[in-house]
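The structure appears right after this line, and notes come after that.
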Amino acid sequence: MGRTTKPEYVEPLLDALKILGAASEDALLEKTYSVIQLRLYPDDFTVLPNGEPRWRNQMQHMLDGLVESGRIEKKNGLLRLVEL
């Protein structure tokens, strides 16, 4: 078995945000999930002690990193791509 690595979530997150234009974190995570769900491994669906599936936890960490790096802007509760 395998599991999806954190970096593998970057492009799907960015692609989903391009489609949405602007979105809340939950909306972005759900849209990204709908795009990649068929590519996830069984281990990605393991529920972690925090009650969330591994895929959502990993995706959240990568989203936080994209915000910290400045590739995604978070303002007034909405996420938007930053034009580079």
Side-chain angles (χ1 to χ4, degrees):
M1 301 266 171
R3 66 172 73 137
T4 306
T5 63
K6 288 180 190 176
E8 290 177 274
Y9 290 104
V10 172
E11 288 307 315
L13 280 163
L14 296 174
D15 291 344
L17 195 50
K18 285 177 193 172
I19 292 167
L20 295 170
S24 67
E25 281 189 17
D26 283 339
L28 177 57
L29 294 177
E30 289 303 321
K31 178 65 174 174
T32 305
Y33 172 74
S34 74
V35 170
I36 68 165
Q37 66 183 359
L38 296 177
R39 294 186 287 175
L40 296 175
Y41 296 96
D43 283 353
D44 293 324
F45 295 96
T46 301
V47 176
L48 301 174
N50 67 4
E52 291 188 349
R54 182 179 304 282
W55 68 263
R56 189 173 178 95
N57 190 62
Q58 297 287 79
M59 198 182 295
Q60 180 69 57
H61 281 283
M62 284 314 302
L63 176 57
D64 293 344
L66 290 167
V67 171
E68 288 175 19
S69 72
R71 291 195 64 193
I72 293 177
E73 173 187 61
K74 185 174 183 179
K75 188 174 182 181
N76 299 324
L78 291 178
L79 301 166
R80 290 183 173 79
L81 283 176
V82 174
E83 299 298 323
L84 298 176

task = Test Val35 against Asp15 for side-chain contact (heavy atoms from CB on, under 4.5 Å), laying out the working first.
result = CA-CA 9 Å; Val35 170; Asp15 291 344; 5.9 Å; no
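- Checked for salt-bridge contact, Arg56 and Asp26 meet the test: a charged N lies under 4.0 Å from a carboxylate O.
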task = Test Thr4 against Ile36 for side-chain contact (heavy atoms from CB on, under 4.5 Å), laying out the working first.
result = CA-CA 10 Å; Thr4 306; Ile36 68 165; 5.6 Å; no
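- For the residue pair Asp43 and Gly2, the shortest heavy atom distance occurs at CB-O, 3.4 Å.
- Within the 4.5 Å cutoff, the side chain of Leu17 has no heavy atoms near those of the Thr32 side chain.
- Leu29 approaches Trp55 most closely through the heavy-atom pair O-CZ3, 4.1 Å.
- Listed here is the closest heavy atom pair of Arg80 and Gly21: CG-O, 3.9 Å.
- Between Lys31 and Ala16, the shortest heavy-atom distance links the atoms CG-CB, 3.7 Å.
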query = After noting the C-alpha distance and the side-chain angles of Thr46 and Arg3, does the key distance pass the side-chain contact (heavy atoms from CB on, under 4.5 Å) rule?
reply = CA-CA 10 Å; Thr46 301; Arg3 66 172 73 137; over 6 Å; no
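- Ring-plane geometry between Tyr33 and Phe45 is classed as perpendicular, the angle between the planes exceeding 60 degrees on a 0 to 90 degree scale with a lower cut at 30.
- Evaluation of the side-chain hydrogen bond (donor to acceptor under 3.5 Å, both in side chains) rule for Asp64 yields Gln60 as partners, not counting sequence neighbours.
- Note that CG of Asp44 and CG of Asn57 are 11.0 Å apart. Values are rounded to the nearest 0.5 Å.
- Remark: Glu8 engages Thr5 in a side-chain hydrogen bond (donor to acceptor under 3.5 Å, both in side chains) (not counting sequence neighbours).
- Using a 4.5 Å heavy-atom threshold, the side chains of Leu66 and Leu79 count as separate.
- Distance check, rounded to the nearest 0.5 Å: CD1 of Ile72 to CE of Met62 gives 9.5 Å.
- Between the side chain of Asn76 and the main chain of Leu78, no donor-acceptor pair closer than 3.5 Å is present.
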